[in-house]
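Accompanying notes for the structure given below.
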Amino acid sequence: MPLSQHPLFKALQQSAQHLPSLAEHFAGNRQRVQQLTFHLGDNLLVDISRQQVCTSVLQQLCELARQMNLPKAIAGLFTDNNFNPTEQRAVLHTALRMPAGATLEHKGVNVIPSVHAELARIRHFCQQVHTGKWCGYSGQPIQDVVNIGIGGSDLGPAMVCEALTPYCTTGIRTHFVSNIDPAHLATTLEPLNPATTLFVVSSKSFGTDETMSNAIAARKWLLNDCGDDSLVQLHFVAVSTNHQKVVEFGIAAENMFTFWDWVGGRFSLWSAIGLPIALAVGFERFEALLAGAHTMDEHLRTTPFEQNIPVLLALLTIWNHNILGHASEGVFPYSQLMHRFPAFLQQLNMESNGKSVMLDGTPVSHATGPIVWGDVGSNSQHAFFQLLHQGTTVVPAEFIGFVNSPYDFPAHRHKLLANMLAQAEALAFGKSAADVEAGLKAEGLSEQRISELLPSKVMPGNRPSTVILCKELTPHTLGSLIALYEHKTFVQGVLWGVNSFDQWGVELGKKLASGLVDTLAGKSNATAHSAATQNLVKQIVDWKAPEGEQ
Ligand SMILES: O=P(O)(O)OC[C@H]1O[C@](O)(CO)[C@@H](O)[C@@H]1O
């Protein structure tokens, strides 16, 4: 039964008619914070007390999830499944972080030994690079690793490498090139020495145009320097599921790391796609990242819904988005190192759940994925938080904070966390007209000035937020945090009844672009396109500098 037709969904809509304010919630229940704070071990807690829910609404949401077969779906994530029917693929990324002795059968074969065999190859390769045994064409050890990939073959490893900067102690510097804009490749390569640079060409399909174009250009750059095609091998490894295309590209099979079609691109950083992470932080820390994810997997698999963190966060989206009608979700890590986390989450959630048809192909009758967006705090406070506090759109916010940091500026750290706590507080409780007026009177302002200022200074409050507080941004904690969002995405998809694991919507644009490349190169005319596109093509051709003059 679709979500919106379920009797419990209708009951939740009824409950939303008589919603107490957050201030009333807190005043009416002294146990609220304890009841609505959940722990994962002793290094991560999630406080949802500032969400516009009470325990009875949460119970209703959990019951809705049970009745919509979420327990079976969760069990399916840890056994063989057919969760991606349009691509005829299973969804088994949880296998990538299972311990060596575990069993997860796909089509009757236990996949865990293959996962660990590939991990062993990654470990060996990292050792070779870290000890200088893997040398470039001039005999010098590798110093810089450039990952060439896009989407899931870029965002996860790029985000993790940045987030784990304090753990990047192997001496290998990582760089990420994704964009077809030549500026990305050119500015990345500019300071690098080809003799000490290794390229990791990462692509599940090994057919993505951006990645292939950048890989071909990188190979030319290398060849220009070393002058011998046979030496290029020393500077290129591949990560892919497509052996044939890797070999056709000219990368030897022994220099290819593999993964499997049951790993979706946006869920792939735990596979060989994470090779740049292991090269940057060391294999043991990469293993700690996997272990952190496995901890969250076990939490999802074994915890009753009423205490299950990813399930609760997904249900809050159902509540905020489908019942209360809030169209977006903001995510605000209070950590400069988590700079790329919102972008990573955008692919994870929006590519997964930005769907309009149910699994059986019928149109959905309820909203699916919200717009996910955000940036780091405290920067975002000085950019767009005004709208969060006083705008006409309510944005449920997720704050992510880390108590300890290896960077030794204690005053900064306290200020950073104080800012995060203050934002959650201000969003929830605002400032009433009476309080604003009292403050302005105390400042000695005239009655007229007070009445002028009052409307602009009132803070409505009652704006929902969640706080995720972690002890420290370690590889293990980061692994748990990423897996938390993966599972949140998965649970949302189950309740919306969509296929969270395909992405057909991105295909049309790719096809149109490939036709337009020829048009812009003057090899075909634009008449097959709309008047708008034809007009822009004409302008581009008119303005284009002749080859060689750019
Ligand atoms: O790893 P590949 O096959 O190059 O794909 C890159 C990305 O492109 C997409 O297919 C979308 O175009 C993503 O789903 C994927 O992560």
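Note that ligands are numbered from 1 as they come in the structure, with each ligand's atoms numbered from 1 the same way.
- Annotation for ligand 1: atoms under 4.0 Å from non-hydrogen atoms of Gly152 are 15 (C), 16 (O).
- Within the cation-pi definition used here (under 6.0 Å to the ring centroid, within 45° of the axis), Arg123 does not qualify as a partner of Phe286.
- Close N/O approach between Lys204 and ligand 1 is found [any backbone or side-chain N/O within under 3.5 Å].
- For atom 5 (O) of ligand 1, the nearest non-hydrogen atom of the protein is Thr208 OG1, 3.5 Å.
- Within 6.0 Å of CD on Glu248 lie more than 12 heavy atoms contributed by other residues, nucleotides or ligands.
- The closest side-chain donor-acceptor pair between Asp144 and His175 falls under 3.5 angstrom.
- Residue Ser203 places at least one N or O, backbone or side chain, under 3.5 Å from an N or O of ligand 1.
- For the side-chain hydrogen bond (donor to acceptor under 3.5 Å, both in side chains) with Arg285, the qualifying choice from Thr169, Thr170, Thr474 is Thr169, the only one to do so.
- Of the protein's non-hydrogen atoms, the one nearest atom 9 (C) of ligand 1 is Glu351 OE2, 4.1 Å.
- Residue Val506 has at least one heavy-atom neighbour below 4.0 Å for each of these atoms of ligand 1: 11 (C), 12 (O).
- Only side-chain heavy atoms of Gln503 come within less than 4.0 Å of ligand 1; its backbone N, CA, C and O stay farther off.
- Atom 3 (O) of ligand 1 has Ser205 OG, 2.6 Å as its closest protein atom, hydrogens excluded (heavy atom only).
- Around atom CD of Gln88, no more than 12 heavy atoms belonging to other residues, nucleotides or ligands sit under 6.0 Å away.
- Cation-pi check for Arg89 over Trp262 is not met; the charged atom does not lie both under 6.0 angstrom from the ring centroid and within 45 degrees of its normal.
- Of the protein's non-hydrogen atoms, the one nearest atom 10 (O) of ligand 1 is Lys510 NZ, 3.8 Å.
- The closest approach between Gln347 and ligand 1 falls below 4.0 Å for a heavy atom of the residue.
- Of the protein's non-hydrogen atoms, the one nearest atom 6 (C) of ligand 1 is Ile150 O, 3.2 Å.
- Surrounding NE2 of His124 are at most 12 heavy atoms belonging to other residues, nucleotides or ligands under 6.0 Å away.
- Each of Val111, Val115, Leu92 was evaluated against Trp260; a single residue qualifies, Val115, per the side-chain contact (heavy atoms from CB on, under 4.5 Å) test.
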